[in-house]
Amino acid sequence: MADYSQLGSEAQACIAAAGDLAAIEALRVEYLGKQGSVSALLKTLGAMSPEERQSEGPKIHALREAVTSALAARKDELESAGLAAQLASETLDLTLPAPETPRGSVHPVSQVMDELAEIFADLGFAVATGPEIEDDWYNFTALNMPESHPARAMHDTFYFPTEPGTNGRTLLRTHTSPVQVRTMMAEGAPLRIIAPGRVYRSDSDATHTPMFHQVEGLVIDRDIHLGHLKWTLETFLKAFFERDDIVLRLRPSYFPFTEPSVEVDVGFALENGRRVLGGSGDAPGHGWMELLGSGMVNRRVLEFSGLDPDQWQGFAFGVGVDRLAMLKYGMDDLRAFFDGDVRWLKHYGFSFLDQPTLSAGVGARP
Ligand code: PHE
C-alpha cells in the first residue's frame with residue numbers, strides 16, 4: 001500500500017508558503033494540471049486491480065480534495081489581503097486642500113471694453129450695439145459717404161453678394177459709426193452712448209488686423225459744442241490711463257460724417273525706448289501720438305438719422321480698443337490679440353475677479 005502522506009504534507013507546506021496569486025496558479029498546475037503529480041496518481045488507478053483500486057482510490061481522491069481545498073483557501077487569503085492593502089492605501093484624506101482647478105482669464109480686449117463701459121457709465125453714457133454685417137447705407141451713405149466717395153477707399157472691406165430684392169449690398173462694417181445712425185433713428189435725441197464692437201477692414205500687418213475693435217462715442221443734445229468733446233475725451237483718457245497728466249492736442253482733420261473734424265493726439269515721453277503716455281508732446285524728449293478721430297456730427301448725418309439739425313447737435317468719436325489695450329498694458333504686436341495662444345493669454349490675461357470699478361481703479365493688475 002502506497003503512502004501519499006509525504007506528497008500531501010509537502011503540498012500543504014508549499015501552498016501555505018505561496019506569496020501571491022501567480023504562485024498559487026503555478027502550484028495548481030504542478031499538482032492538478034494535466035502533467036501534475038496528483039493527476040498522475042489518479043491515472044494509475046486505471047491500471048490497478050479492483051482490490052487495489054478499492055484501497056488506493058479513496059486515498060488518492062482524498063489527496064486531490066485536500067490539495068484542491070488548500071489551494072482555494074490560500075487563494076482566498078491572498079485575495080482578501082490584497083483588498084485590505086488596497087483599502088488601506090486608497091483612503092481619502094478629506095482634510096487635504098482640494099486640488100486647484102484650472103482657471104481661464106479675461107482677454108485684454110474684454111477687459112478694456114469693461115473698463116470703458118465703467119468709465120462712460122459714470123459720465124451718463126449707455127452702451128449701444130449694432131450688427132457686424134451691416135448695410136452699405138448705414139456704413140457709408142448715411143454717414144455722408146455716397147457711392148464713389150473717395151473716403152470709401154480707406155475703408156476697403158469684405159462684401160457679401162447682393163441678394164435680389166434687398167436694400168443694397170451688405171458688408172462687414174468698417175467702423176462702429178453706423179451705430180450712431182441706428183441709435184439716433186431708434187431712440188431720437190438727446191443721446192449719450194458708447195458703442196463698442198468688432199470692425200473689419202482688408203488690412204494685415206503688425207499694427208493692422210482684418211478684424212479689430214473700436215468704441216464709438218456719441219452725444220446729441222441742444223447745445224453741445226467742441227468744448228464738451230474735449231472735456232469728455234480728457235476725462236475719459238485720464239480715468240482710463242489712470243494719470244492726471246494726460247495732455248491732448250486737437251488737430252483739424254477730415255471725416256465725411258463730422259464737421260469740423262478733429263484728430264486727437266496724446267503726449268508721451270520716451271522711457272527706456274518705450275512710449276509712456278503723459279505730459280505735453282512738445283516737452284523735450286516727448287512726442288505726440290495720434291490716438292483717435294472725432295468731431296461735431298455732420299448736419300447731413302443728423303438729417304439721415306431723422307433729427308432736425310437746427311434743433312440738435314452733438315459730437316462723436318471713434319477709438320481703437322486694441323490700441324488702447326496695447327498702450328495701457330504694453331503689448332506690441334496686434335496680431336497676438338487674435339492668435340488664441342494660451343501662453344499669451346496667461347501672460348496678459350486678467351482675473352475675472354478683477355472687476356473694473358471707478359472707486360478701486362479701473363485698471364487691472366496682470
Ligand atoms: N469712424 C472713424 C474711423 O473708423 C472714426 C471716427 C468716429 C471719426 C467718429 C469721427 C467721429 O476711422
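Every number for a ligand or one of its atoms is a count from 1 in the order of the listing. Please read all numbers here as calculations on a predicted model, not as lab measurements.
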Quiz item: Cation-pi between R182 and Y138: NZ/CZ under 6.0 Å from ring centre and within 45° of the ring axis?
Solution: yes
Do [X] and [Y] sit within salt-bridge range, that is, some charged N less than 4.0 Å from a carboxylate O?
X	Y	result
R274	E271	no
E115	K328	yes
R192	D221	no

Exercise. Could you see which bit of S177 sits under 4.0 Å from ligand 1, with heavy atoms only: side chain, backbone, both or neither?
Key: side chain
Quiz item: Which one holds for F317 and ligand 1: side chain close, backbone close, both close, or neither close, with close meaning a heavy atom under 4.0 Å?
Solution: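 The backbone, only.
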Would you say [X] and ligand 1 have an N/O pair spaced under 3.5 Å apart?
X	answer
E216	no
T174	no
Q214	yes

Exercise. Pick, from E263, H175, R201, M296, the option with the minimum heavy-atom distance to atom 12 (O) of ligand 1.
Key: R201
Practice problem: Check each of Y329, W344, Y348 against F337 using the ring-ring contact (aromatic ring centres under 6.0 Å, His included) test, and report the only one that passes. | Solution: W344
Quiz prompt | Heavy-atom closest pair, residues T141 and F304 | solution = O-CE1, 3.4 Å
Exercise. Could you check atom 5 (C) of ligand 1 against the protein and tell me its nearest heavy-atom contact, residue, atom and distance included?
Key: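 For this ligand atom, the closest protein heavy atom is G318 CA, 4.1 Å.
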